[in-house]
Protein chains: 2
Amino acid sequence: MGTANQKTIQQIQSENSDFFRIAFSVDCVIFGFHKNELNVLLLKSDLEEFKDKWSLLGDLVRTDENLDDAPYRILQERTGLKDVFLEQVSTFGDIDRHPAGRVITTVYYSLINVKDHLLRLQHHELSWFPVTKMPQLAFDHYKILQTCIKKLQDKIDKEPVVFNLLPEKFSLRELQNLYEAILDTKLDRRNFRKKLFLMDWLEDAKEMEQDVPHRPGKLYHYRASTTKPATAQTLVQ
Amino acid sequence: MGTANQKTIQQIQSENSDFFRIAFSVDCVIFGFHKNELNVLLLKSDLEEFKDKWSLLGDLVRTDENLDDAPYRILQERTGLKDVFLEQVSTFGDIDRHPAGRVITTVYYSLINVKDHLLRLQHHELSWFPVTKMPQLAFDHYKILQTCIKKLQDKIDKEPVVFNLLPEKFSLRELQNLYEAILDTKLDRRNFRKKLFLMDWLEDAKEMEQDVPHRPGKLYHYRASTTKPATAQTLVQ
DNA sequence: AAAGTATGAGTAACTTGTACAACAAATTAT
DNA sequence: ATAATTTGTTGTACAAGTTACTCATACTTT
């Protein structure tokens with residue numbers, strides 16, 4: 001802060017309480033992987049202005065919590081999930097983005113494993129939607145969602161974050177389906193395999209797929225502590 | 001916003017004004033290029049807690065301005081510069097990041113051309129510092145600065161943003177010095193030339209350097225509207 | 001005139017990326 | 001049971017991109 005350097009917050013508060021008429025919230029784009037599609041968890045809005053529209057999970061930031069802690073709290077309150085992957089994306093603060101007043105919101109996206117952890121959904125108004133079939137979204141949440149998808153697409157090319165969306169053990173086919181769902185493209189299965197092994201992210205689980213209507217594939221799990229450095233720079237063609 | 005959906009901001013304000021005891025600011029990391037070094041514009045802090053420390057340029061966000069407009073206003077107020085390059089980086093909101101109270105801040109970085117525009121610096125306490133020789137910074141501004149440098153390093157590899165730091169016309173040598181300063185590495189002169197022409201960002205200015213103590217190089221300027229697509233993916237080795 | 005430094009253009013070796021061919025293993029249809 | 005089909009797995013050939021390095025030329029300084 002610059003001018004604020006010259007005064008204390010208390011002074012500013014007493015002189016001009018107008019600055020404190022801005023509310024501050026956090027919104028979460030929660031991604032899951034369902035039936036070979038990338039999904040987002042949405043909440044039915046019951047604001048009169050946005051009847052029948054859906055919105056991201058969010059809440060006001062508490063005065064006694066760090067900004068980066070707020071999305072963890074929200075996720076736990078709404079879904080029961082702890083220790084999830086979360087990353088800050090961007091902050092949106094147009095004057096008119098919320099019809100009820102001035103609200104600046106910081107957006108996070110989260111990657112959660114839907115299959116292993118059954119969600120304890122507090123409200124019936126919570127529901128998953130494939131990113132390809134989004135309903136009408138309230139506020140500027142469509143723009144926010146697109147920003148998060150773009151960020152996720154950039155991220156998975158270099159960082160091993162997709163494993164947060166998968167169960168402990170998975171086949172290469174499942175992993176490739178996930179990449180294809182996120183990137184919205186088809187990938188060559190032989191080159192995909194080659195690059196992934198160069199990345200050194202996978203470890204053989206010494207198990208095979210069960211009850212699949214085709215030749216079962218090997219199962220792998222994510223190698224958390226990478227010993228060798230990755231030799232491939234990027235993953236996708 | 002989620003729970004906020006169920007209530008209007010006015011209701012929340014009247015019920016619990018505590019949420020409005022968070023102040024909201026914007027901080028700017030202003031980069032310039034001086035004597036082959038990447039520099040940052042800093043302001044001498046006169047908060048008692050941070051005597052003799054320096055801080056980024058910042059200010060509280062006004063209730064009647066869009067968040068993304070605030071850094072433009074701050075830059076114009078402090079330096080007289082308009083139409084500068086600005087990009088949002090991240091938002092910092094730890095409880096104790098500001099000694100005088102709860103302040104959440106959104107950080108932007110800016111790239112400005114120091115040689116062409118002489119800055120109208122309002123205060124004498126404004127000064128440029130090379131990123132390699134930073135003074136003690138107030139608040140969490142050192143952490144913020146490092147985040148911005150990282151972001152800038154990632155960005156220049158793929159996007160033609162560095163030209164905001166240079167005068168209209170420049171030599172390849174100057175451009176390479178700039179890249180080397182930002183990335184803190186040495187680059188091969190011949191490969192740098194090759195890749196830059198592949199990027200198709202440059203146009204021959206049909207002029208030569210003047211008054212240099214060596215063989216003068218050609219001057220180029222940035223080709224704003226790229227016709228051909230770039231053939232090189234990344235710039236740096 | 002010689003030495004030093006910088007620009008400018010090019011080439012060869014190497015690494016990485018892409019598009020396939022071929023086959024093996026399991027399942028499903030006939 | 002056999003053939004057709006789907007998926008997993010290994011490998012090869014070629015294209016594209018990266019890296020390292022040679023050479024020639026132009027200008028300045030001593």
Side-chain angles (χ1 to χ4, degrees), chain A residues 35-36 153-154 156-158 166-167 169-181 183 185-221 228-237, chain B residues 35-36 153-154 156-159 166 169-181 183 185-221 228-237:
Chain A
K35 294 178 184 169
N36 287 342
Q153 288 175 338
D154 288 347
I156 63 170
D157 199 37
K158 292 172 185 170
L166 291 172
K169 295 166 186 172
F170 49 85
S171 69
L172 266 178
R173 162 62 48 191
E174 288 176 289
L175 186 58
Q176 183 179 338
N177 286 342
L178 175 52
Y179 267 93
E180 291 181 341
L183 298 171
T185 50
K186 285 284 165 193
L187 301 175
D188 184 281
R189 75 185 196 283
R190 294 155 292 193
N191 295 334
F192 182 79
R193 147 185 301 274
K194 210 185 307 175
K195 284 202 178 182
L196 256 159
F197 287 132
L198 281 177
M199 286 291 190
D200 201 44
W201 290 341
L202 298 181
E203 203 162 36
D204 195 332
K206 312 268 185 196
E207 282 182 55
M208 304 297 276
E209 281 181 305
Q210 301 286 329
D211 304 318
V212 284
H214 53 74
R215 170 180 166 182
K218 274 188 185 176
L219 295 184
Y220 298 88
H221 50 77
K228 307 178 217 167
T231 50
Q233 276 75 28
T234 58
L235 190 65
V236 179
Q237 302 154 352
Chain B
K35 295 180 185 168
N36 287 342
Q153 288 175 338
D154 287 346
I156 63 171
D157 198 36
K158 291 171 186 172
E159 304 285 338
L166 291 172
K169 295 166 185 171
F170 48 86
S171 68
L172 267 178
R173 161 62 45 193
E174 288 177 288
L175 186 59
Q176 184 178 337
N177 285 342
L178 175 52
Y179 267 94
E180 291 181 343
L183 298 170
T185 49
K186 286 284 167 195
L187 301 175
D188 184 280
R189 176 172 57 85
R190 296 149 293 191
N191 296 334
F192 181 78
R193 146 182 302 273
K194 209 184 312 174
K195 285 204 178 182
L196 257 161
F197 287 130
L198 281 178
M199 286 291 190
D200 199 44
W201 291 341
L202 298 182
E203 203 162 35
D204 194 333
K206 311 269 185 197
E207 281 182 57
M208 304 295 277
E209 281 182 307
Q210 301 285 331
D211 304 317
V212 283
H214 53 71
R215 170 180 168 183
K218 273 190 186 176
L219 295 183
Y220 298 88
H221 50 77
K228 308 178 218 165
T231 51
Q233 277 75 29
T234 59
L235 192 64
V236 178
Q237 302 154 352

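In what follows, chains carry the letters A, B, and so on, assigned in the order in which the sequence lines appear, proteins first and then strands, with residues in each chain numbered from 1. From a predicted model like this one, the values you see are computed outputs, not experimental measurements.
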Of the non-hydrogen atoms in A:Leu219 and A:Ser171, which two are nearest, and what is the gap between them?
CD2-N, 3.7 Å
Please give me the minimum heavy-atom distance between A:Leu172 and A:Arg193, naming the atom from each residue.
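Smallest heavy-atom distance, with atoms named: CD1-NH2, 3.4 Å.
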Taking only residues two or more places apart in sequence or in another chain, which ones pass side chain to side chain donor-acceptor pair (under 3.5 Å) with A:Glu207?
A:Lys169
Spacing of [X] atom [atom1] relative to [N] atom [atom2], expressed in whole Å:
X	N	atom1	atom2	answer
A:Phe197	D:dG11	CZ	C1'	15 Å
A:Leu219	D:dT7	CG	P	17 Å
A:Arg193	D:dG11	CZ	P	11 Å
B:Glu207	C:dT7	CD	C1'	17 Å
B:Asp188	C:dC14	CG	C1'	15 Å
A:Asp204	D:dG8	CG	P	15 Å
A:Leu202	D:dT9	CG	P	11 Å
B:Leu196	D:dT18	CG	C1'	15 Å

Hey, does the side chain of B:Gln176 reach the backbone of B:Arg173 with a donor-acceptor pair shorter than 3.5 angstrom?
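No; zero donor-acceptor contacts below 3.5 Å.
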Select base, sugar-phosphate, or nothing to describe what B:Lys194 touches, counting heavy atoms under 4.0 Å on all strands.
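Base contact.
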Can you give one letter per nucleotide of nucleotides 22-30 of chain C, going 5' to 3': B for a protein heavy atom under 4.0 Å from the base, S for sugar-phosphate only, - for none?
--BBSSS--
Any side-chain heavy atom of A:Ile156 sitting closer than 4.5 Å to one from A:Leu183?
yes
A:Lys186 side, atom NZ; A:Asn177 side, atom CG - distance, nearest 0.5 Å
7.0 Å
From C:dG17, D:dG8, D:dT9, nucleotide with atom closest to A:Arg173 side chain:
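Looking only at side-chain atoms, A:Arg173 lies closest to D:dG8.
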Closest to the A:Asn191 side chain, choosing from C:dG17, D:dC21, C:dA19
C:dA19
With B:Lys218, which residues qualify under side chain to side chain contact (heavy atoms under 4.5 Å, CB included), at least two apart?
B:Asp204, B:Met208, B:Tyr220
